[in-house]
Amino acid sequence: RFRNLEMATSPRRPRLAVPESDSVSEGVFLFKPDSGSPRKEQSKRKSRGGSGQNAKKSGKHAALPPGPPSAIDQLINEFWSPIQQGIDDILARQNFKVYDDVVAFARTSVESTTAPSVYNELPAAVVLTGINSPDHANMYCGLNKRLNETLTPHTAVLRHKECSSLKAMMKTVCDQIISDAQVARVGVDLQGLQWWYDDAGETAPVVIIVEDFEAFDAVELSNFVTVCSSYRASLPIVLVIGVASEAETLPRRLSRRAITLLNVAKFRVNPSSEVLSEVFEFAVMSAECRYRIGARALQQLCDSFLYNNLSVSTFVRGLKFCVIQHAVACEPYAEVLLGLLARADSPPSVGSCEALQATAMFQCYFESEPHNEVDLCTDDAVLWKRLQLGVVDDSCRHSRFSAGVRCLQAAVIAVPNSTHGLSPFLPSLYAACAASDFNTTAEGDTGQAVRDSGLPFLLKLMTVIPNSALERLLQFVVTSLEGCIATLTNLSKQVSKNEQQTVLSAKGCTRATLTAVEEALSEFTRCVAQPNDGGAAAVSAASSAAEEGNSTHDGRGKRRKMLHRVAVASEAARAEAPLAKAKTAAISAIGRVFQENLTPPSSSTGSLAGRALCFDGTVARMLDGRPRVQIHRALSAPQTYLRTNDAAHAADEPTDPDEAILYRLVLECGKWVNLHDMLAAFAAQVEPKDGAPGKQVQARFLRALSSLQFLGLLKSTKRKADHVQRLTTASAL
């Protein structure tokens, strides 16, 4: 009673109008003012520049207009812009067929269902997307866009992170289909969606896309299918379910009742390996691409694709990273590369040429020349002419090399044996060919790269392939060489008269090889069409040898000799057969194609321009994320990341972050770290003075300790008082 009286007589404090918060924890919260508050309007005026004095005050903070692009930006744009545009077109074209098939299925299922069945079957298009999860977002976005353009504007996309329960699924569907003003009126369930659909007089179907089916909760998704099926009579709902693994996953995860309510149709997206092969052929092997990637970088990109997630977008990002890293490394002589790409007639500035001459690449090229020309180092015009000839020579070699790799891939696919060690995957095969030289030496002996690559063994295995497969292979080789000649013809029209001799020489060699392959193909086709006289001769020779052996009855030894004579006679007769000779000649012609064309276009013996336009660095550390190792390196040597003063670091001044200081102390401890001893050691390094550490040092220690715990290097425990547990060891790092 006295307390109520005191509360009634005491003056009340004014309460602030604080909006409601969903949080139930104690703490201090900052609520932004309403949109109509004068402070926010004033900040908006300041951000817009205002007028009068406000404009003058904010003028010095206004955004400056963008300046001219730097040489690195221009080089990246010249290298990457045509590649990116072509890759986008390829990726969009790859999925168009699947998009159209899903749209046709949805339209047919809605139009054909005039009277729903008793079970209210729900049409469901199961799209088998593959395990390349980084590419799924772009595919679902394109499918949603295609549905909106051709079939219906009422589409909803369900993601497992936003749809952990049935209520969240219903809310996501209603929020994406119905406007915000109408959601509050009709509610966030399918009944409200039905009311809105009937009031608006809509006739288009409602398509619900379920991304990454395996990540959803099976029970909640089964309930969602059951609820959607109950509204099938009044709402034309169509499900699109994305499955990454296989179609059998659907009946294994959903309940039996939900499965019986689905009318399933399967659609399969093209495998990511086929998509990447087409992307690779355009971005690396096409004649329009002026940028070259070396064997080491290509092999690391292929390994990252094959052994991580089979993602095409990750491979494309790796290619872009190679372009950026190469452009940054070529910054001193970027003007030279820009002039080569633009086919300028005059050399660039003197400083850019001198920067190119000062590189180790130029020194290696100058020393590898049989006659060290001093004019390359003294005369910029001579250097520029050599670079222009090198660009043309590199383009010719690249065209012939790409044709050879295509022929080699066709041969690897045609041979029904994988013991030769060559992969039919185009990027891996290209990287293997770029790392090896398949040409024979002057003495006629094959090099170690040829023996390791398995090419001779591949040519031996080609003798056992069927005649029809060999004929198709020869026709493909002819088509590839004709395409190479067409590319060289177009290149000869773009270069000057002084550079046409290089193109004509490469074109003549390719035409001679094409003529030999065409002759082998025509002879092989003629022998296949004729009756096999050699086979009859082999049979007659073998029968005569057998009769001669049967006439002798001198024991097992002569019987064994007779069988050997039969085998030798049959082999000799087959070797003399016209078809066997034609097959051997055809295989020899294919081997000639490999030996003449599979020369790396940017090898160590290439031109100076080919070396300058080629990137052969290391990208494995940048592509393969190893966060724990990188955290260890950053904390052990922070000066390499923060670029601190070396003099101050040598003078033992505490310029390192507190986290790095504490981490070095933790590395000296065992499994258990005593916090009291660690605080004393930390204070001795931060503030080397006698006495207990101050409050500021204690606060810095606690903040560094919390950071190491957040990074997963330490763990608080109750097993020992005032101790933390160390979670990493030197061997694990």
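The model shown is predicted, which means the values in this text are computed figures rather than measured ones. Values below: every heavy atom of this structure, side chains too, minus hydrogens, waters and symmetry copies.
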Shortest non-hydrogen contact between L75 and A334, atoms and distance: CD2-CB, 4.4 Å
Sub-6.0 Å ring centroid separation between F305 and F425: yes
Chi angles and distances behind the side-chain contact (heavy atoms from CB on, under 4.5 Å) call for R386, Y365: CA-CA 12 Å; R386 180 66 60 86; Y365 174 76; 3.0 Å; yes
Working for side-chain hydrogen bond (donor to acceptor under 3.5 Å, both in side chains), residues T513 and E596: CA-CA 8 Å; T513 307; E596 292 185 357; 2.4 Å; yes
Distance under 6.0 Å and angle within 45° of ring axis: R146 vs F96: yes
Intermediate values then yes/no, side-chain hydrogen bond (donor to acceptor under 3.5 Å, both in side chains), D135 and N132: CA-CA 6 Å; D135 301 334; N132 50 333; 3.0 Å; yes
S399 to L488 - nearest heavy-atom pair and separation: CB-CD2, 4.3 Å
Side chain S428, main chain P424, donor-acceptor under 3.5 Å: no
Q94 side, atom CD; M139 side, atom CE - distance, nearest 0.5 Å: 13.0 Å
Interatomic spacing from CE in M462 to OG in S588 - rounded to 0.5 Å: 9.5 Å
CA sep, side-chain torsions, deciding dist, call: T314, N308, side-chain contact (heavy atoms from CB on, under 4.5 Å): CA-CA 10 Å; T314 304; N308 284 350; over 6 Å; no
Validation row: R611, R292 side chains within 4.5 angstrom (heavy atoms): no
Donor + acceptor pair across side chains of D88, Q84 (<3.5 Å): yes
S304 (side chain) donor-acceptor with Q300 (main chain) under 3.5 angstrom: no
Inter-residue atom distance L481.CG - C407.SG, 0.5 Å rounding: 5.0 Å
S272 and S311, any side-chain heavy atoms less than 4.5 Å apart: no
Under-4.0 Å salt bridge between D89 and R93: no
Minimum-distance pair of heavy atoms, taken over all atoms of T463 and I587: CG2-CD1, 3.5 Å
Aromatic contact, F401 with Y430 (centres under 6.0 Å): yes
N597 side chain to V593 backbone, donor-acceptor under 3.5 Å: yes
D303/Q299 under side-chain hydrogen bond (donor to acceptor under 3.5 Å, both in side chains): CA gap, chis, key distance, verdict: CA-CA 6 Å; D303 293 343; Q299 190 61 51; 3.1 Å; yes
Heavy-atom check, side chain of C396 versus side chain of L491, under 4.5 Å: yes
N/O donor-acceptor pair under 3.5 Å between Q363 side chain and Q357 backbone: yes
Separation of H136 NE2 from I131 CD1 (nearest 0.5 Å): 8.5 Å
Intermediate values then yes/no, side-chain contact (heavy atoms from CB on, under 4.5 Å), H326 and Y291: CA-CA 10 Å; H326 182 61; Y291 178 72; 3.4 Å; yes
Donor on one side chain, acceptor on other, E471 and N467, under 3.5 Å: no
Neighbour count above 12 (heavy atom, 6.0 Å) for Q85 CD: no
Student check: side-chain heavy atoms of C289 and V284 closer than 4.5 Å: no
More than 12 heavy atoms of other groups within 6.0 Å of R526 CZ: yes
Heavy-atom closest contact (A283 atom, I83 atom, distance): CB-CG2, 3.8 Å
V279 side chain near L91 side chain, heavy-atom distance below 4.5 Å: yes
Closest approach of W384 to G339 (non-hydrogen atoms, all atoms of both residues): CH2-C, 3.5 Å
Derivation and outcome, side-chain contact (heavy atoms from CB on, under 4.5 Å), residues F321 and V316: CA-CA 9 Å; F321 175 78; V316 173; over 6 Å; no
Test item: E274 and P271 side chains (from C-beta on) under 4.5 Å apart, heavy atoms: yes
Pairing of R406 and E281 as salt bridge, 4.0 angstrom limit: yes
Spacing of CG belonging to L426 relative to OG belonging to S273, to within rounding of 0.5 Å: 11.0 Å
Any donor-acceptor pair under 3.5 Å from S505 side chain to T502 backbone: no
Heavy-atom side-chain contact between I72 and I324 under 4.5 Å: no
Distance, nearest 0.5 Å, that separates CG of L521 from CD1 of I590: 9.5 Å
Closest non-hydrogen atom pair, L579 against F524: CD1-CE1, 4.0 Å
Pairwise side-chain contact, L310 with F315, heavy-atom cut-off 4.5 Å (strictly under): no
Donor-acceptor pair between T489 and K507 side chains, under 3.5 angstrom: yes
